[in-house]
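The next block holds one structure in the form of structure tokens; read it before the comments.
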Amino acid sequence: MTKAKSLKLVVLVSGRGSNLQAIIDASEKKTIQSQIIHVISNKEGVLSLERCQKHGIPYSVIPSKGKERDVFFDEVLNKVKSLNPDLIVLAGFMKILPEKFVKAFENQIINIHPSLLPKFTGLNAQKQALEAGETKTGCTVHFVDEGCDTGPVILQKEIEIDPKDTEETLSARLLPVEHECFVEAILKLENQELF
Ligand code: GRF
């Protein structure tokens, strides 16, 4: 069996950062060998940044607001290149990466999405699952390609939908499953030669 690899992670966020927290905790507890070397947020003042401060993780804010998409992503790409990560983790990063970015880090970018892809891509995936009358949903960690939530699947986890579920209750029940799924997906990558 190959030895688990410690990966240098750069995490991209836009908000609350509960998935970021799950990765921080797993790294601190050595559930995963990988280390977060830097976090980049496209928004100021978000909870993700407080989590970084609390855990002594370096971070940058590269605002996307009021900026041309290409200009914003060139700034992010330059920053990420300078950090030389093994893996880029999109954890609630609410932007679709341009082709240039994806090509620069082929098979080195992963994302979490709150549905059983290929079902329900894009925003409000839990609401989409409810409206479609599904009896189960889940989450997916996948490699990022140029599409929206379309790259090859690394890991999925399912949960039952309760007939009484609302978008809020379903999202709340799914979130801890997302956290497990992200950590397990990183473990899977640590244990395989996928890079
Ligand atoms: C999660 O539901 C994730 O699947 C989606 O955005 C949400 C981010 O939550 N892409 P958090 O910022 O990790 O708490």
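Atoms within a ligand are numbered from 1 in the order they appear, just like the ligands themselves. Everything quoted here is computed from the prediction, not taken from an experiment.
For atom 4 (O) of ligand 1, the closest non-hydrogen atom of the protein is E178 OE1, 2.6 Å. The protein non-hydrogen atom at the shortest distance from atom 6 (O) of ligand 1 is G92 CA, 3.8 Å. The protein heavy-atom contact nearest to atom 5 (C) of ligand 1 is P114 CD, 4.0 Å. Looking from atom 10 (N) of ligand 1 to the surrounding protein, the closest heavy atom is I112 O, 3.2 Å. Closest to atom 9 (O) of ligand 1 among all protein heavy atoms lies R16 NH2, 3.0 Å.
Shown here for L174 and G138, the closest heavy-atom pair between the two residues is CD2-O, 3.4 Å. Closest approach of R69 and L97 over heavy atoms only: NH2-C, 3.8 Å.
Heavy-atom contacts from other residues, nucleotides or ligands closer than 6.0 Å to CD of E160 number 12 or fewer.
Polar contact check, N19 against ligand 1: a nitrogen or oxygen pair lies under 3.5 Å apart. For a threshold of 3.5 Å applied to N or O pairs, the pair formed by G15 and ligand 1 contains no separation below that value. Among the atoms of G17, some N or O lies under 3.5 angstrom from an N or O of ligand 1. Here's the thing with S18: one of its N/O atoms is less than 3.5 angstrom from an N/O atom of ligand 1.
The side-chain contact (heavy atoms from CB on, under 4.5 Å) check on T140 picks up L117, H142, V153, Q156, with sequence neighbours excluded.
Just one residue in the list K95, K100, K67, E68 forms a side chain to side chain contact (heavy atoms under 4.5 Å, CB included) with F73, and that residue is K95. A side chain to side chain contact (heavy atoms under 4.5 Å, CB included) with I36 is found for one member of L20, V89, L7 and no other, namely L20.
Put simply, the side chain of N42 does not reach to within 4.5 Å of the side chain of I40, judged on heavy atoms.
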